[in-house]
Number of protein chains: 2
Amino acid sequence: MARVRISDVAAAAGVSTATVSLVLNDRTARISDVTADRVRRAAADVGYTPNSVARGLRTQRSRTIGLISDRIATTPFAGRMLSGAQDVAREHGYLVFLVDTDADETVEREAIRALADQQVDAMIYACMWHRVVDAPASLPRGTVFLDCRPTDGGFPAVVPDDRAGGVAAARALVAAGHRRIAYLDVDEPHPPVASGLRHEGYLQVLSETGIVPDPAWHVRGDTSSAGGREATDRLLDLPEERRPTAIFCFNDRMAAGAYVAAHRRGLRIPQDLSIVGYDDQQLVAAELDPPLTTVALPHYEMGRWAMQVALGIRAPDDPGAPHLMPCPIVDRDSVGPPPATAASDSRRRT
Amino acid sequence: MARVRISDVAAAAGVSTATVSLVLNDRTARISDVTADRVRRAAADVGYTPNSVARGLRTQRSRTIGLISDRIATTPFAGRMLSGAQDVAREHGYLVFLVDTDADETVEREAIRALADQQVDAMIYACMWHRVVDAPASLPRGTVFLDCRPTDGGFPAVVPDDRAGGVAAARALVAAGHRRIAYLDVDEPHPPVASGLRHEGYLQVLSETGIVPDPAWHVRGDTSSAGGREATDRLLDLPEERRPTAIFCFNDRMAAGAYVAAHRRGLRIPQDLSIVGYDDQQLVAAELDPPLTTVALPHYEMGRWAMQVALGIRAPDDPGAPHLMPCPIVDRDSVGPPPATAASDSRRRT
DNA sequence: CAGAGTTGTTTAATCGATTTAGCATCACTC
DNA sequence: GAGTGATGCTAAATCGATTAAACAACTCTG
């Protein structure tokens with residue numbers, strides 16, 4: 001039952017452990033084919049796999065990556081980041097240590113130390129949502145930031161291209177013929193990186209299209225279905241000629257709230273009101289009635305990117321700036337042309 | 001920048017590395033207080049933390065736990081299991097290796113080997129949902145099964161008490177006055193452990209209450225909002241006197257579909273139709289309108305239990321049988337008394 | 001004061017691999 | 001047949017800790 005060691009293979013093959021090691025690591029330049037074969041056969045026979053701990057001690061590399069996050073593993077939001085990171089690691093024979101710190105600084109510090117003591121080959125520092133963070137001082141250089149960017153730079157980072165996502169969402173609505181497009185923003189967040197960028201993208205499209213946004217179209221609510229519902233109510237309470245025919249929501253949950261508000265007034269989606277969300281949360285976007293057109297957060301791809309950089313397989317294009325991962329729009333059924341009553345307005349465009 | 005080793009501490013304190021090791025591991029029986037203090041001070045001064053790899057090689061224990069799962073890390077369903085396991089591990093100074101295998105047997109086998117090569121002190125084998133699995137042959141004995149039970153036993157396991165959950169849901173509906181209670185089941189699943197047990201619990205309550213279930217009350221759909229909607233339509237199409245006034249749904253997503261079906265017919269929840277879900281998925285249950293009464297899956301607690309057993313902190317009560325974790329009902333607003341038209345029926349009870 | 005027992009510390013083996021330097025052996029070359 | 005160069009393999013050091021055994025210096029005992 002005891003583990004098979006390299007010395008067992010050596011004994012079985014009648015050679016020294018040095019030879020076994022050389023053969024199994026494919027450094028056979030000076031080893032005869034006969035011996036190499038014998039060693040490989042012996043290793044297979046006795047079922048030898050090298051002890052990673054011993055190897056790690058000697059080589060100072062553990063084929064192990066530490067992934068520290070506030071709570072991506074424990075919330076339904078960003079698990080696909082883990083998935084992406086995990087897949088790349090596995091493809092290259094690495095294991096990942098996962099630590100969720102619950103955003104507790106003490107826990108975070110201890111986690112970083114524990115991972116360093118385990119001689120992880122690299123670390124990834126991940127957040128649940130796109131924001132700017134102060135990099136903990138003890139993070140080793142080269143640590144990759146995932147879904148967040150360090151205040152002072154100095155680390156490779158990957159974040160969603162929220163600005164482009166805002167553009168895509170607004171373009172989709174403009175293309176459908178809408179002119180009165182609201183932005184349902186999140187309420188006083190955290191350093192509002194994601195919401196600010198999405199808003200910028202939205203404003204850019206309006207501007208390019210020659211639409212002057214009504215200030216009343218920028219409403220806020222907390223990041224929940226209820227928050228979205230209340231904010232939507234305020235939009236729908238606007239007088240007919242200022243009332244938006246389409247709403248771009250900060251996220252899918254708030255979009256779900258917009259659905260509720262619309263339904264309560266007997267408005268149909270998309271016939272009477274078009275809605276675009278953000279995040280592409282499977283449990284929300286795809287299951288709404290009708291399914292929600294939304295902008296996908298490329299969590300899986302960001303996770304892959306981060307791990308590739310951590311493993312040194314890929315280098316950041318521009319080491320100075322965070323890598324911006326595209327946010328593709330996912331067309332479902334919540335966007336349609338504006339209702340006829342509003343159509344006269346949009347005709348102005350030509 | 002190089003790591004501080006025990007020899008650096010020894011040099012700083014003017015003692016041998018053996019003394020340093022003894023002091024820092026609190027084996028000071030034969031060490032003078034003066035020396036011990038000097039060593040501790042020196043260690044703090046130079047910022048020493050032991051290299052876990054070297055220690056692991058010597059002690060054969062790594063303070064590391066391997067957690068293998070089909071895909072709990074990457075789906076929004078069961079992340080709280082990870083959270084529970086993770087918290088216990090951290091409380092005891094352990095790190096956890098996470099591997100999602102995507103239910104691929106080759107990946108699984110390689111993961112188990114890789115974890116064994118890393119000398120993890122124990123493994124946890126987790127599933128995304130409660131089911132019976134064939135234990136991979138290479139799993140070390142003592143591996144804890146989380147949210148699944150091994151076909152032939154032989155391993156400690158923890159699963160939700162789905163039967164009791166079914167009882168709780170049905171009791172809540174009976175208590176509200178319902179007599180015509182449907183079970184919206186999942187369609188031909190996987191070995192249907194969870195759904196079967198929940199159904200049993202439901203049937204038990206009906207039986208205790210003297211209700212003879214109409215076979216038409218047991219409908220099935222696929223595990224999605226759409227599946228729930230279609231199945232609910234079939235229930236609502238039943239003639240008035242057989243039509244259920246309450247539906248117990250296999251999960252929250254299907255319950256969301258039941259909401260849609262009800263709304264489309266102009267039925268209000270809970271005034272016209274009561275609904276109980278299962279899972280307590282935050283993104284679904286809490287955000288529905290009205291918020292969904294549901295049975296919570298104790299993912300966090302199961303995760304804790306599994307890790308405690310893995311670390312040997314707790315022993316299974318009955319080593320032969322899986323530990324059943326209670327599923328508490330979460331009362332929200334989707335259950336009310338049956339509508340007046342149906343009330344005459346339920347009066348029969350007295 | 002020899003022998004036994006304490007006390008405080010160190011020496012050196014050990015965990016299981018990798019890797020450098022070196023030892024044989026053999027084949028050529030001049 | 002001495003010198004040179006390959007070729008094939010191994011001895012031994014090494015990574016950084018832990019720990020059993022040994023040792024040195026004291027203190028007691030009888």
Side-chain angles (χ1 to χ4, degrees), chain A residues 1-40 42-43 46-64 93 113-114 116-121, chain B residues 1-40 42-43 46-64 93 113-114 116-121:
Chain A
M1 216 56 218
R3 280 190 61 96
V4 176
R5 287 151 313 176
I6 197 171
S7 57
D8 298 322
V9 179
V15 297
S16 71
T17 62
T19 303
V20 176
S21 177
L22 292 173
V23 170
L24 297 184
N25 287 294
D26 280 326
R27 312 185 50 167
T28 44
R30 314 262 303 257
I31 307 277
S32 71
D33 292 351
V34 192
T35 308
D37 275 0
R38 193 146 37 88
V39 167
R40 277 191 268 264
V46 299
Y48 171 72
T49 63
N51 177 319
S52 307
V53 177
R55 167 185 282 169
L57 178 59
R58 178 64 231 241
T59 62
Q60 306 288 38
R61 324 197 319 93
S62 57
R63 297 193 83 76
T64 268
R113 192 182 47 64
D117 290 345
Q118 285 285 350
Q119 292 192 169
V120 294
D121 294 336
Chain B
M1 215 56 217
R3 278 191 64 96
V4 176
R5 287 151 311 175
I6 197 170
S7 57
D8 299 321
V9 180
V15 297
S16 71
T17 62
T19 303
V20 176
S21 176
L22 291 172
V23 170
L24 297 184
N25 288 294
D26 280 324
R27 313 186 51 167
T28 45
R30 311 261 304 257
I31 307 277
S32 72
D33 292 351
V34 193
T35 307
D37 276 359
R38 194 145 36 90
V39 167
R40 278 190 268 263
V46 299
Y48 172 71
T49 62
N51 178 318
S52 307
V53 177
R55 168 185 281 169
L57 177 60
R58 177 66 231 242
T59 63
Q60 306 287 35
R61 323 198 318 93
S62 57
R63 297 194 84 76
T64 267
R113 192 182 46 65
D117 290 345
Q118 284 286 349
Q119 292 192 171
V120 294
D121 295 336

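Each chain gets a letter, A, B and so on, in the order the sequences are listed, and its residues count up from 1. Atom set for the values below is all heavy atoms of this structure, side chains included, hydrogens, waters and symmetry mates excluded.
Here the straight-line distance linking atom CD of B:Gln118 with atom CG of A:Asn51 works out to 8.5 Å at 0.5 Å rounding.
Atom pair B:Asp8:CG and D:dG16:P shows a separation of 9 Å (rounding to whole Å applied). B:Asp117 has its CG atom 13 Å from the P atom of C:dG16, to the nearest Å. Spacing between atom CG of B:Asp26 and atom P of D:dT18 amounts to 12 Å, rounded to whole angstrom units. Summarising the geometry, the separation between CD1 on B:Ile31 and C1' on D:dT18 is reported as 13 Å, rounded to the nearest angstrom. One can place CD of A:Gln118 at 20 Å from P of D:dC15, the figure rounded to the nearest angstrom. Taking atom CG of residue B:Leu57 and atom P of nucleotide D:dT19, one finds them 12 Å apart after rounding to whole Å. Between B:Leu24 atom CG and D:dA17 atom P there is a gap of 10 Å when expressed in whole angstrom units.
Minimum heavy-atom separation, A:Tyr48 to A:Ile6: CE1-N, 3.4 Å. Minimum heavy-atom separation, B:Val4 to B:Val46: CG2-O, 3.3 Å.
Within the nucleic acid shown, B:Val53 has no heavy atom closer than 4.0 Å to any nucleic acid atom. Nucleic acid contact class of A:Ser52 (heavy atoms, under 4.0 Å, all strands): none.
Among the candidates A:Arg55, A:Arg63, A:Arg3, the single residue satisfying the salt bridge (charged side-chain N to carboxylate O under 4.0 Å, His left out) test with B:Asp117 is A:Arg3.
The salt bridge (charged side-chain N to carboxylate O under 4.0 Å, His left out) check on A:Arg5 picks up A:Asp8, with sequence neighbours excluded.
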Which atom pairs, donor and acceptor, lie under 3.5 Å between side-chain atoms of residues 15-23 of chain B and protein residues at least two apart or in another chain?
{"residue": "B:Ser16", "atom": "OG", "partner": "B:Ala18", "partner atom": "N", "Å": "3.4"}
{"residue": "B:Ser16", "atom": "OG", "partner": "B:Thr19", "partner atom": "N", "Å": "3.3"}
{"residue": "B:Ser16", "atom": "OG", "partner": "B:Thr19", "partner atom": "OG1", "Å": "3.2"}
{"residue": "B:Ser21", "atom": "OG", "partner": "B:Asn25", "partner atom": "ND2", "Å": "3.4"}

Per-nucleotide protein contact string for nucleotides 17-25 of chain C (B base, S sugar-phosphate only, - none; heavy atom under 4.0 Å): BBB------

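The phosphate of C:dG16 has OP1 or OP2 within less than 4.0 Å of a side-chain N or O from B:Gln60.
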